[in-house]
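Single-structure report; data block below.
The residues of the chain are indexed from 1 along the displayed sequence. The structure displayed is predicted, hence computed values, not measured ones. Worth knowing before you read on, the calculation uses all heavy atoms, side chains too, and leaves out hydrogens, waters and symmetry mates.
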Amino acid sequence: MAIDGFATHSLDAVAILEALDDDQRAVALASRGPVCVIAGAGTGKTRAITHRIAYAAAIGTMDPQKILALTFTARAAGEMRARLRTLGVPTVAARTIHSAALKQLLYFWPTVFGGRTPDLITSKGSFISEAVRRAGLTAQVSTNNRELMRDIATEIEWAKVSQVAPEDFLDEMSKRLIKPRVNPEQLVQLYTAYESIKKQELAIDFEDVLLLTAAMLEEERDVRERVQDQYRYFTIDEYQDISPVQQRLINAWLGTRTDICVVGDPAQTIYSFAGATPVFLNTFTQRFSEAQVIRLSTGYRSTPEITFAANSILRVGSMGQELVAFNEHGSKPTVQGFKDEQSEIAGVLSDIATLLTEGTAPQEIAVLARTNAQLSAVERAMNKEGIPYQVRNTERFFDRTDVREFLKQVRQASVIPTEGSQWIDELRSIAQPFLTGESIDGIAALLHLGRELDENPNFAPKTLRGYLREVEDRVQQNNPPTMPVITLATLHAAKGLEWERVFLIGASEGILPLTSQGNSVALTDAVIAEERRLFYVGMTRAKADLHITFRAQPSRFLAESTLI
């Protein structure tokens, strides 16, 4: 029976349930909230929650047009939308939290705030550089240091999602587990100058989007009622990575209602440095005493050997739940030690070359590392050996200096296209100077995208302007182009992804857990626990083969596990 009178009769409720295992089916059958799903790595959580939405629509307990399904990346939101379309519920709004907030903020801006709609900053780089100048710190802070600028941006983002104002920054910083590499007093100056510049330029960043939308909903009754009428049912993925300001916004969306389903895994909490906290997942049943708690523990991604090894990492740390492997047996994960970084990388590249020679597709291979500096060393070696690769890290692809400069030149060239020449040839000419450095993967990916579009009969107009339109759409969606090549990624950036064969490098004491990055990290129990979870995330990215390497002294996590 349709509880609220809007059953989608074209959906086959029985077929939706038949596609699920017992635990996933329990999620789908819990068609009204509050529901808390604890989902281990590779247990089919996206399948479970999308089928839950489709089943609820089929039996009439949820109106699909009033559902808001939220996740953390544009890629994950796109995958969710695709699955919901396949299941017959294409009208469900599946978005990132930021994009949902931005859509509402821009819609109501004229009536709530008035005046010109502010510009959205997609990259903090130029604003932070100006903040360095205005704060009089040019002698102390090098704006040419890419990692340093990224660290400053991360600290500002942490403060804002944690709802810490510049004047409270020092007090809050003293309570943090990991101290920044930048002097805290200088950070306060930069944070203050950054906010002042944004206000002057009538610009907002992604954190402002969350803060302003939450405040708008809290303070404007008419707006709140309209939004709460539009969205009555909420599904929130990766709930262990929610920040305080995101929870504040979720509270504003939800109001006094209880139709909320959250999905998360405490064992995959790895973004504390960015303000994420598992406290909201861990206290869900305290806030909703009537909540159903369902656990997904059957692992469909990895072989039993990889799953067993990953479980042994969690077992020592007494965190999360162990996975039960569903797949056929495979090879046991290998662990190999080297005397130094150079020999470690050479050994890994030799193994990769063998795999490629034997016919393994490059896109099935990933090299994962704890830090960007490790990846840079791998990049240099791969360029020297002529091995194609692409880097995925936590930095937004379209914020990269080389990418922005390349697209700037493409934009200029699109104004006066060369008479009689093919647009793809012009794109190649613009790209050529960028393909001579060490980090060439970003430009190579953009060039590869151009080739794909040129061969696509549905792509029009086949011009640089048409290409730019496609790229600008991807910028808005944070959907960078990819290539069929080997992936290099930090452990943080690898979360949510999977490959057949994974090389996890640098599993050495001092790197994992990290103690040698120049930041004053005290290896407290909490810091070690987060590093352990990071190692677990890296291991569970592998489907069939996992190769772990270290140099000098193996990580304590290796020593405690079943691996050595």
Provide the closest heavy-atom pair for [X] versus [Y] in the form atom of the first, atom of the second, distance.
| X | Y | answer |
| --- | --- | --- |
| L210 | A101 | CD2-CB, 4.1 Å |
| L296 | A48 | CD1-CB, 4.1 Å |
| Q268 | D241 | O-OD1, 4.1 Å |
| A431 | I443 | CB-CG2, 3.9 Å |
| R556 | I528 | NH1-CD1, 3.4 Å |
| A100 | L70 | CB-CD2, 3.9 Å |

Look at [X] together with [Y] and state whether they make a salt bridge at an N to O cut-off of under 4.0 Å.
| X | Y | value |
| --- | --- | --- |
| E455 | R451 | no |
| R541 | E498 | no |
| R400 | D441 | yes |
| E344 | K339 | no |
| E207 | K124 | yes |
| D265 | K45 | no |
| E530 | R533 | yes |
| E472 | R411 | yes |

Are any non-hydrogen side-chain atoms of [X] and [Y] less than 4.5 angstrom apart?
| X | Y | result |
| --- | --- | --- |
| R150 | N372 | yes |
| T490 | T371 | no |
| I204 | I121 | no |
| F406 | I430 | yes |
| E328 | P304 | no |
| S555 | P513 | yes |
| E531 | R370 | yes |
| D205 | Y194 | yes |

[X] side chain to [Y] main-chain N or O, any donor-acceptor pair under 3.5 Å?
| X | Y | value |
| --- | --- | --- |
| R501 | A544 | no |
| S302 | A542 | yes |
| T307 | A325 | no |
| R75 | G496 | yes |
| H448 | A444 | no |
| T540 | Y536 | yes |
| Q24 | T43 | yes |
| S99 | R95 | no |
| E560 | I313 | no |
| Q390 | P481 | yes |

Applying the side chain to side chain contact (heavy atoms under 4.5 Å, CB included) test to [X], which of [options] qualifies?
| X | options | answer |
| --- | --- | --- |
| V335 | I548, L546, L504, T549 | I548 |
| L148 | V141, T143, I128 | V141 |
| V378 | V391, I505, N383 | I505 |

Heavy atoms from other residues, nucleotides or ligands near [atom1] of [X] exceed 12 (cutoff 6.0 Å):
| X | atom1 | answer |
| --- | --- | --- |
| K462 | NZ | yes |
| F308 | CZ | no |
| Q409 | CD | yes |
| F326 | CZ | no |

Looking only at the aromatic ring of each residue, does the gap between the centers of F273 and H492 stay below 6.0 angstrom?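 Centroid separation for H492 and F273: below 6.0 Å.
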Mind running side chain to side chain donor-acceptor pair (under 3.5 Å) on H329 and E305 for me, showing each step along the way? CA-CA 7 Å; H329 283 277; E305 288 76 11; 2.8 Å; yes
In Å and rounded to the nearest 0.5 Å, what is the [atom1] to [atom2] distance from [X] to [Y]?
| X | Y | atom1 | atom2 | value |
| --- | --- | --- | --- | --- |
| F397 | L446 | CZ | CG | 4.0 Å |
| I97 | I236 | CD1 | CD1 | 6.0 Å |
| E379 | I345 | CD | CD1 | 10.5 Å |
| M149 | N145 | CE | CG | 9.0 Å |
| I486 | Y389 | CD1 | OH | 11.0 Å |
| L323 | T298 | CG | OG1 | 8.5 Å |

Determine, stepwise, if the pair Y467 / D454 fulfils side chain to side chain donor-acceptor pair (under 3.5 Å). CA-CA 9 Å; Y467 171 78; D454 194 48; over 6 Å; no
Residue pair [X] / [Y], side-chain donor-acceptor N/O under 3.5 Å:
| X | Y | value |
| --- | --- | --- |
| Q246 | S243 | yes |
| T354 | T357 | no |
| E238 | Q240 | yes |
| S343 | D340 | yes |

Please state whether the rings of F206 and H98 are parallel, tilted or perpendicular, taking 30° and 60° as the class boundaries.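 Perpendicular.
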Run the side chain to side chain donor-acceptor pair (under 3.5 Å) check on D545 and S331 step by step: do they pass? CA-CA 7 Å; D545 288 298; S331 57; 2.7 Å; yes
Passes side chain to side chain donor-acceptor pair (under 3.5 Å), S429 versus Q432? Steps please. CA-CA 5 Å; S429 297; Q432 199 56 46; over 6 Å; no
Under the salt bridge (charged side-chain N to carboxylate O under 4.0 Å, His left out) criterion, do K543 and E364 qualify, and how do the steps go? CA-CA 10 Å; K543 296 165 70 175; E364 294 180 357; over 6 Å; no
